[in-house]
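These numbers come from a predicted model, not from an experiment. Just so you know, residue 1 is the first one in the sequence shown, and it goes up from there. When a ligand or atom number is given, it counts from 1 through the structure's own listing order.
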Amino acid sequence: MNKVNILQIGPYPEWDMEALAKNFILHPYFSAEDKDAFISECASSIRGVATRGDLGLNRDLIESLPHLEIISVYGVGYDAVDLDAARERNIRVTNTPDILTKDVADFGVAMMLAASRGIIGGEDWVRSGNWSQKGMYPLKTRVFGKRVGILGLGRIGSEIAKRCAAFAMDIAYSDLDTKEVPNEWSYIKDPRALAECSDYLFVATTGGAATKHIVNKTVIKALGSEGMLINVSRASNVDEEALLTALESKILGCAALDVFEGEPDLNPRFLELDNVMLQPHQASGTIDTRIAMGHLVRENLEAHFSGRELLTPVI
Ligand code: 8YV
């Protein structure tokens with residue numbers, strides 16, 4: 001296979017960049033100072049794009065690449081890729097599903113446990129000397145046996161539910177339709193009604209227009225002053241303004257968030273709050289998973305340019 005020119009939208013781990021550069025000519029868009037000049041210089045040679053779930057590829061960039069054939073996403077979420085623009089040009093799009101599911105579920109449950117049991121604050125209490133000076137750390141919130149609501153019982157939502165079931169928690173879920181699940185899990189179609197009967201509400205839906213602000217002011221209020229919202233999906237699924245106002249006024253008890261509007265430059269109001277756990281979009285961030293994600297990105301590109309079937313096509 002002659003080396004094909006690939007536009008790389010965002011950095012990958014070093015090992016992935018080296019592996020990609022073995023079979024492709026990489027054009028690092030992320031390090032270009034003048035991005036427009038960079039694109040006009042390489043646009044005519046670009047046949048593939050390597051991007052990330054949090055970065056995607058918008059219509060302007062797609063339209064600026066006349067010979068683009070495939071967009072390979074490092075991530076399961078492709079909501080940041082303009083699929084309509086890709087379809088109009090029969091451009092293929094791939095993602096990296098399944099291989100990150102369990103790590104993302106682990107991380108969501110870890111955030112629930114860490115925020116409820118004050119694990120980060122506890123570490124601080126010890127390191128700051130408060131334990132010896134002020135005595136025992138304040139008591140925190142029990143997790144096992146509580147009620148969990150899962151918004152979006154897809155691959156990640158199902159794995160979160162399984163893990164919570166192991167904590168003897170009551171499981172309820174909302175999705176477009178009922179799913180094949182254990183009898184004791186209940187289906188509640190309406191997100192507000194689901195929030196109303198949940199102590200913990202996990203947001204595990206895909207991102208995009210269809211689920212934008214599915215967690216709105218009413219849903220947040222229904223979750224209530226004792227409730228916790230946990231988001232390991234996309235910030236766009238939550239009305240962030242309503243969330244901030246509810247956390248500031250304690251209408252909502254607390255939140256544990258891995259994704260933010262405008263990340264990594266999140267709204268500074270979050271930094272003022274003591275009832276929110278903030279994480280840097282790392283739910284799939286394990287070496288094992290990222291190696292597998294990089295591998296799948298390359299395999300999809302190599303398959304396409306070798307005329308073989310794509311491994312994980314979106315379109
Ligand atoms: C990112 C994600 O792709 O899988 C997704 O959709 O959002 C993440 O796994 C990853 O953080 C790389 O940026």
The reported gap from CG in Leu252 to NZ in Lys217 (rounded to nearest 0.5 angstrom) is 13.5 Å
List ligand 1 atoms under 4.0 Å from Gly53, heavy atoms only on the residue side. 3 (O)
Applying a heavy-atom cut-off of 4.0 Å, say which part of Glu263 lies close to ligand 1: side chain, backbone, both or neither. neither
May I ask whether Gln282 places a heavy atom under 4.0 Å from ligand 1? no
Could you tell me the residue and atom name of the protein heavy atom closest to atom 9 (O) of ligand 1, and the distance to it rounded to 0.1 Å? Ser284 OG, 2.7 Å
Among Asn231, Asp54, Val203, Val232, which residue meets the side-chain contact (heavy atoms from CB on, under 4.5 Å) test with Val259? Asn231
Side chain Ser31, main chain Pro28, donor-acceptor under 3.5 Å: yes
Going only through I, L, V, M, F, W and Y residues with side-chain contacts under 4.5 Å, is there a path from Ile46 to Val81? yes
Please say whether Leu100 places an N or O atom under 3.5 Å from an N or O atom belonging to ligand 1. no
Do any N or O atoms from the side chain of Thr289 and from the backbone of Thr286 form a donor-acceptor pair under 3.5 angstrom? no
Quick one: does ligand 1 sit under 4.0 Å from the side chain of Met293, the backbone, both or neither, non-hydrogen atoms only? side chain
protein heavy-atom neighbour closest to atom 13 (O) of ligand 1 works out as Asp54 OD1, 2.9 Å
Check each atom of ligand 1 against the heavy atoms of Arg234 and keep those under 4.0 Å away; list them by number with element. 2 (C), 5 (C), 6 (O), 7 (O)
For the atom pair CD1 (Ile91) and CG (Leu68), what is the distance rounded to the nearest 0.5 Å? 4.0 Å
Mind telling me whether Tyr173 and Tyr187 have parallel, tilted or perpendicular rings, with 30° and 60° as the class edges? tilted
Of the protein's non-hydrogen atoms, which lies at the shortest distance from atom 10 (C) of ligand 1, and what is that distance? Arg290 NH2, 3.6 Å
Could you list the atoms of ligand 1 found under 4.0 angstrom from a heavy atom of His281? 2 (C), 7 (O), 8 (C), 11 (O)
Rounded at 0.5 Å granularity, tell me how far CG in Asp106 sits from CD1 in Ile156. 11.0 Å
Among all protein non-hydrogen atoms, which one is nearest to atom 5 (C) of ligand 1, and what is the separation to 0.1 Å? Val76 N, 3.4 Å
Starting from atom 12 (C) of ligand 1, what is the nearest protein heavy atom, named by residue and atom, and what distance separates them? Tyr74 CD2, 3.8 Å
